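So that the names make sense, note that chain A is the first sequence line, chain B the second, and so on, each numbered from 1. Computed from a predicted model, the values in this text were never measured in an experiment. Every heavy atom of this structure was used, including side-chain atoms; hydrogens, water molecules and symmetry mates were not.
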Amino acid sequence: MEFKAYDPKQIEPKWQKIWADTHAFEALDDHTMPKFFGLIEFPYPSGNGLHVGHPRSNTAMDIIARKRRMQGYNVLFPIGWDAFGLPTENYAIKNNVHPAIVTKKNVDHFREQLQKIGFSFDYSREVDTTDPDYYKWTQWIFLKLFEHGMVFRDKTLVNYCPSCKVVLSNEDSQGGKCDICHGDVVQLPKDVWYLRITKYADKLLEGLKSVEYPENIAQQQVNWIGKSTGAFVNFAVKGTDEKLEIYTTRPDTLFGVTFMVMAPEHPMIDKYAERIGNMDAIRAYREECAKKTEFERTQLVKEKTGLRIEGLSGINPLTGKEVPIFISDYVMMGYGTGAIMAVPAHDQRDWEFAKKFGIDIIQVIKGGDIEKEAYTGDGEMINSDFLNGYTNKKDSIERVLEEIEAKGYGRAGVQYKMKDWAFNRQRYWGEPIPLIHCPHCGVVAVPYEELPLRLPDVDDFQPGTDGKSPLAHIESYVNCTCPKCGAAAQRETDTMPQWAGSSWYFLRYCDPHNTEAFASKEALDYWMPVDWYNGGMEHVTRHLLYSRFWHQFLYDIGEVSCPEPYMKRTAQGLILGTDGEKMSKSRGNVVNPDDIIDDIGADAFRLYEMFMGAFDQAIPWSTNGAKGCRKFLDRVWRLQEMLVDSDSYSEKLMATMHETIKKVSLDYEAMKFNTAIAAMMTLVNEMYAIGSVTKAELKTLIQLLNPVAPHITEEMWELNGFGSGMMRSEWPQWDEAAMVKSEIEIAVQVCGKVRGHITIPADMTKEQAEKELAAHEGVQRYLAGKNVVKTIYVPGRLVNFIAK
RNA sequence: GCGGAUAUGGUGGAAUGGCAGACACCGGGGACUUAAAAUCCCCUGCCCACAAGGCGUGCGGGUUCGAGUCCCGCUAUCCGCACCA
């Protein structure tokens, strides 16, 4: 039989069409089957299209999904579009096209690119966050949050990006840089809608114990939530009825307090402005602080600044001693109570401040040299009244809390670094926030039956210079009647942040066309939770926390029946440019998958994406490496020229076949795709060495390879008449017994150094090995004139003679 | 500063405490060819003319019959957080 050369350009479109025409990858309605819900982060359809980094995650999950189908699972492997967002809106403004049109164009381009790679997505369940039928339910969930007191409005300093003209969450403005345009962020006072994610801080921490996340991902979430345990303590303010509340994690050092510090924004300063002697200087200092960028405040200025607040001093509740109060920007208004008790002997920041301002330093824990730096270690308590003599931090904290609580000076408490989620943006291209401001009733929810609250059509998407959303300028949108009292009212004109639509999309996949609910209870009960979610490390602290928060909330109000949305989370490493740098348009190192596929085919592209290195590590792209993978597929194809008509594995390959099945099966599960592929390459090399391959061997090989290279294997399956429906053919089984070899080669070591190799019966015992191998002439040479004092025999691996 | 990761040939990378460098890329040689491409075969960590041997997994110690792997102490790079009281 003559075989044509391997031609992916012919094979790949052929199978992609067959899969689409036969709806091959649509999830089945049969809810009695075991299910598998595999999820990848739905893409933001940017105008740039895909680069070779994007498909890495998809390919990995596609391999798992395809393997699961062959293992008899009902697989849900969906795709959708996270399509709201600034880049689209900015493009729309610049080119004067409606963002919906831009979005549609980009989505079509993305879909086409993905289809060319041959992912087994269920395209019948596509979701699009900008579709009113979708964002109807985003708004619905928001209203549920509102109804349950999880939404509140506050006037605070917010992170504002002057370039994007938009308020950013803390998460979106890390390091004082805008996450979208990377410009400097400034702090502005503004009315902001918040979601009370902090109420779920403990649940978010607790939930991590019931899911399978890798250590580094779980740890990042733990750090982000930033729970600390400590105490709130009230210091009386001398000459007033006021208590100044502070938060500390070290109440055991209360006897070492020599001063207190308030954040520049602390409200008590204004309240007592009249009794503060140096209010002018304080005002000047506050202005100075406000002018500093976040960058200066956190990165550069480690030198402590501040000044004494004259006329205000605190009273240490335990000692009754008076301590001065300072203002300084090393204390943040946004954490704890915005004021601290300073213990310079045992906190380095307080120590630096005390040195600079000549404040007393009282040591209360023995150890270190507090002349040189603060001592933060453990030790015996001194100068601390009833705490003296305690040597264990835990015990002394317990003891002092007892005292504080008994006397009403304060209480034990916890703090989180995580802040509530700033939830509004002054932009057009987002979900309208379904709230109405009524002069009589206050903030009123848009009635559920009026959802979706559609984005009005406008011509001008430009945000106003007044910091308001473009929607604020559309009177027909803004003006409405209050659903409660019927009075003339105004709509909220801000929209939701991009994270909203992605916080629940996996739920919609379960039942994407439902018009009565975001998904039916039955569909949710069957499909949820997501069994395996793969995505990028960059979404670990934001998207992953936000979506867990929404899901936990929906669980608490009885809308979903599992407390955690994702059972297992994994993350891929970045694919870097050939220069080892992150791929970006500006660096000019972007590799386009279309070009690669055109050159070597989608299967070789997929194969290389998975073969290039450890899945969770960042790796530079190498087009030569990719070509090597094409070479491997050519070799697999040409195996057809050495085919022997036999329904069993040949004796020579028996053990290798079973070993390969085992290795590939287990490595896929562990996302060790590179070694799985290496094992298949080894197998193919052996087939070439033997010079022939049986039908059974070929069948197994292409089944193992199918999840990675689906087109070529489907074609070979058909050519060789292996039957219909390769994608649901039974995944190969391995047999441990078949791997056992009668003879094996082991290493012979003398004093731990390898001195040769010997082939022995595989079942040789230690006693036999000691006797027979020591007598072997190759071994004798190294043992000459020495006594063997000990023999270590590791069956199947080595024998080690310890000789003197 | 805190948290996490990484460090192995010219390159990407393999290796339940048990033969370091699997599998590839690059490079070299050979076969086939009028020639080239493709393909097939061989070589390819370093030192050494060869053999024998020695040296080799960022650095310094340790545990062990045996360490890339475990322990202690460093260094470098990357990622995340960061004056979090």
Check the distance between [N]'s [atom2] and [X]'s [atom1] and give it to me in whole angstrom.
{"X": "K393(A)", "N": "A85(B)", "atom1": "NZ", "atom2": "C1'", "result": "13 Å"}
{"X": "K582(A)", "N": "U77(B)", "atom1": "NZ", "atom2": "P", "result": "20 Å"}
{"X": "M610(A)", "N": "G13(B)", "atom1": "CE", "atom2": "P", "result": "14 Å"}
{"X": "R797(A)", "N": "G18(B)", "atom1": "CZ", "atom2": "C1'", "result": "6 Å"}
{"X": "D634(A)", "N": "A24(B)", "atom1": "CG", "atom2": "P", "result": "14 Å"}
{"X": "L607(A)", "N": "C23(B)", "atom1": "CG", "atom2": "P", "result": "16 Å"}
{"X": "F232(A)", "N": "A85(B)", "atom1": "CZ", "atom2": "P", "result": "11 Å"}
{"X": "H346(A)", "N": "C83(B)", "atom1": "NE2", "atom2": "C1'", "result": "19 Å"}

Among [options], which nucleotide has an atom closest to any side-chain atom of [X]?
{"X": "K631(A)", "options": "U39(B), A24(B), A22(B)", "result": "U39(B)"}
{"X": "T248(A)", "options": "A22(B), A85(B), U39(B)", "result": "A85(B)"}
{"X": "R638(A)", "options": "C26(B), A85(B), C40(B)", "result": "C40(B)"}
{"X": "V754(A)", "options": "A85(B), C19(B), C83(B)", "result": "C19(B)"}
{"X": "Y688(A)", "options": "G18(B), C40(B), G4(B)", "result": "C40(B)"}
{"X": "M332(A)", "options": "C83(B), A14(B), G4(B)", "result": "C83(B)"}
{"X": "A747(A)", "options": "A85(B), C26(B), C19(B)", "result": "C19(B)"}
{"X": "L798(A)", "options": "G13(B), G18(B), C26(B)", "result": "G18(B)"}
{"X": "D329(A)", "options": "C83(B), C23(B), C19(B)", "result": "C83(B)"}
{"X": "K753(A)", "options": "C55(B), A24(B), A85(B)", "result": "C55(B)"}

Does the side chain of [X] get closer than 4.0 angstrom to OP1 or OP2 of [N] through an N or O atom?
{"X": "K672(A)", "N": "A15(B)", "answer": "yes"}
{"X": "Y330(A)", "N": "A85(B)", "answer": "no"}
{"X": "N685(A)", "N": "A24(B)", "answer": "yes"}

* To do: Return the 5'-most residue of the pair Y416(A), K663(A) with respect to RNA chain B, ranking by each residue's nearest nucleotide.
  =>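 Taking each residue's closest nucleotide, the earlier one in sequence belongs to K663(A).
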Residue pair [X] / [Y], side-chain donor-acceptor N/O under 3.5 Å:
{"X": "D350(A)", "Y": "Y330(A)", "result": "yes"}
{"X": "N216(A)", "Y": "Q220(A)", "result": "no"}
{"X": "T258(A)", "Y": "D360(A)", "result": "no"}

If the plane angle is over 60° it's perpendicular, under 30° parallel, otherwise tilted; pick one for [X] and [Y].
{"X": "F353(A)", "Y": "F259(A)", "value": "parallel"}
{"X": "H346(A)", "Y": "Y375(A)", "value": "perpendicular"}
{"X": "W621(A)", "Y": "Y608(A)", "value": "perpendicular"}

Could you tell me whether [X] contacts a base, only the sugar-phosphate backbone, or nothing, with contacts defined as non-hydrogen atoms closer than 4.0 Å?
{"X": "N674(A)", "value": "sugar-phosphate"}
{"X": "D350(A)", "value": "nothing"}
{"X": "R635(A)", "value": "sugar-phosphate"}
{"X": "E538(A)", "value": "nothing"}
{"X": "T791(A)", "value": "nothing"}
{"X": "V794(A)", "value": "base"}
{"X": "A339(A)", "value": "nothing"}
{"X": "G628(A)", "value": "sugar-phosphate"}

If you measure from the Lys or Arg side-chain nitrogens to the Asp or Glu carboxylate oxygens, is any gap between [X] and [Y] under 4.0 Å?
{"X": "R569(A)", "Y": "E41(A)", "answer": "yes"}
{"X": "D202(A)", "Y": "K227(A)", "answer": "yes"}
{"X": "D7(A)", "Y": "K9(A)", "answer": "no"}

* **G3(B) pairs with, by Watson-Crick or G-U criteria that keep both distances under 3.5 Å** =>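 WC or wobble partner is C79(B).
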* Could you classify G9(B) for me, syn or anti, using a glycosidic angle within 90° of 0 as syn? => syn
* Ignoring hydrogens and angles, answer whether the base of C25(B) and the side-chain atoms of K627(A) contain a donor-acceptor pair closer than 3.5 Å. =>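 For K627(A), whose side chain was compared with the base of C25(B), there is no donor-acceptor pair (under 3.5 Å).
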Produce the list of close N/O pairs, under 3.5 Å, pairing protein atoms with atoms of nucleotides 50-53 of chain B; give distances to one decimal.
unit_1: G53(B); atom_1: OP1; unit_2: Y782(A); atom_2: OH; d: 2.5

* Whole-angstrom distance between C23(B) and A76(B), as gauged at atom C1' ->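 One C1' to the other, the span is 29 Å.
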* Just by modelled atom types, is the V748(A) backbone N or O under 3.5 Å from a matching donor or acceptor in the R755(A) side chain? ->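 Pair absent, no side-chain N/O of R755(A) close to backbone of V748(A).
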* Asked: Once each nucleotide of nucleotides 63-73 of chain B is scored for protein heavy atoms under 4.0 Å, what B/S/- sequence comes out, 5' to 3'?
  -> --B--------
* Structure fact -> For S622(A), the side-chain hydrogen bond (donor to acceptor under 3.5 Å, both in side chains) test, sequence neighbours excluded, returns none
* Would you check, one step at a time, whether the test ring pair (Phe, Tyr, Trp, His ring centres under 6.0 Å) holds for F611(A) with F632(A)? => CA-CA 11 Å; F611(A) 180 65; F632(A) 171 67; 8.3 Å; no
